[in-house]
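See below for the structure under consideration.
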Amino acid sequence: LKPGMKLQRPDGESVECEAHVASNEGHLNLGKLANPTGESRETRRRVGYAYTEIERAQAGRGFLAMGGEDQMAIWLNGELVHLSLASRYYKPFQEIFPVEFARGTNRILVKGGRRCCAWGFSLAILESTTKLFVNDIDVTPAGHIGEEQYLFLPDLPIGERLDVLGSINVTNLTPRPLTGVRGSVAANAVLEATEETIASIAPGVTHQLPFRMRSKGVIGPADSTGLE
């Protein structure tokens, strides 16, 4: 696919490929591209395609991190490598999955389906420079029912002692299981030092890593966990 190339749709009409650049955060707003003047009912229940090429000096295993609203399908070098039929609000890094890159040019095709409301996606390559990818992108409570939370921080109960579990999403970026993965909280003015452990995380798997928040005493109105 190249800018200016014309393709024929199943209904007989033709569409022309256009070059677009994602935002600094990697988000491509398909809804805005389909209707630059604003949201429109005419762009509901549609599909859009995005294509790019990346160069790799060596063949090997890697990870793609996808966020999308709504349904998403991703092909790498002609092979379907990921399919998501979720209907949800967009956030980056909603799904992380392993892929096999070829040496040289790698062709990536993304198909994004839209039911209603906003429409778009992001796609990023995670390099295995560390064993674990810690998803700290979203540090606020979910804004909609059913929306994913990557980091769960319980509220502080003023006038009470705190002893609850929080969690954060982590992904094993190695080709082997990781054992004894620990989630630790350092002591501060409000919290005690604690540690929780996951027995094992399989290769390429995203898991909620728990951590315990235990207060040293009764929570006051001005207290903060220091974890925000």
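Keep in mind that this is a model prediction, so the values were computed, not measured. In this chain, residues are counted from 1 in sequence order.
Atom CG of Leu28 and atom OG of Ser122 lie 9.5 Å apart (nearest 0.5 Å). Considering CD of Glu196 and CZ of Arg212, their distance stands at 5.0 Å, rounded to 0.5 Å. Expressed to the nearest 0.5 Å, how far CG of Leu123 lies from NE2 of His82 amounts to 10.0 Å. Here the straight-line distance linking atom OH of Tyr51 with atom CD1 of Ile108 works out to 9.5 Å at 0.5 Å rounding. Rounded to the nearest 0.5 Å, atoms OG (Ser84) and CE (Met72) are 8.0 Å apart. In this structure, NE2 on His20 lies 11.0 Å from CG on Asn29, to the nearest 0.5 angstrom.
Closest approach of Phe211 and Ile168 over heavy atoms only: CE2-N, 4.0 Å. What you find for Asn172 and Phe63 is that their closest heavy atoms are O-CZ, 3.6 Å. Between Asn188 and Lys216 the shortest heavy-atom distance is O-NZ, 2.7 Å. A pairwise comparison of heavy atoms in Ile96 and Ala65 identifies CG1-CB, 4.0 Å as the closest pair. In plain terms, the two heavy atoms of Ala187 and Ala193 that are nearest each other are CB-N, 3.7 Å. Among all heavy-atom pairs drawn from Pro157 and Ile219, the shortest one is O-CB, 3.4 Å.
Inspection of the Thr105 and Glu55 side chains reveals an N or O donor paired with an N or O acceptor under 3.5 Å.
Residues Phe101 and Leu76 have side chains in contact (heavy-atom distance under 4.5 Å, counting atoms from C-beta outward). At least one side-chain heavy atom of Ile125 sits under 4.5 Å from a side-chain heavy atom of Arg56. For the pair Pro177 and Val205, the minimum side-chain heavy-atom distance is 4.5 Å or more. Between Ile74 and Phe97 the shortest side-chain heavy-atom distance falls below 4.5 Å. Annotation: side chain of Val190 is not in contact with side chain of Ser224 (no heavy-atom distance under 4.5 Å).
Between the Asn77 side chain and the Arg107 main chain, a donor and an acceptor come within less than 3.5 Å of each other. Under the 3.5 Å distance criterion, the side-chain polar atoms of Gln94 are matched with a main-chain donor or acceptor of Gly68. Although no hydrogens or angles enter the test, the distance criterion places no donor-acceptor pair under 3.5 Å between the side chain of Ser167 and the main chain of Gln208. Although no hydrogens or angles enter the test, the distance criterion places a donor-acceptor pair under 3.5 Å between the side chain of Asn135 and the main chain of Phe93. Panel note: side chain Thr130, backbone Leu132; a donor-acceptor pair is recorded below 3.5 Å.
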Residues Glu100, Arg61; criterion side chain to side chain contact (heavy atoms under 4.5 Å, CB included); working and verdict: CA-CA 5 Å; Glu100 291 293 331; Arg61 190 169 187 257; 3.5 Å; yes
Verdict with reasoning, Leu191 to Leu162, per side chain to side chain contact (heavy atoms under 4.5 Å, CB included): CA-CA 9 Å; Leu191 299 178; Leu162 179 70; 4.2 Å; yes
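With a 6.0 Å radius and a threshold of 12 heavy atoms from other residues, nucleotides or ligands, Glu53 has its CD atom above the threshold.
By the criterion of side-chain heavy atoms lying less than 4.5 angstrom apart, applied directly or through intervening Ile, Leu, Val, Met, Phe, Trp or Tyr residues, Leu83 is not grouped with Tyr90; the two fall into different hydrophobic clusters. Val218 and Met213 are members of different hydrophobic clusters when ILVMFWY side chains are connected at heavy-atom separations under 4.5 Å.
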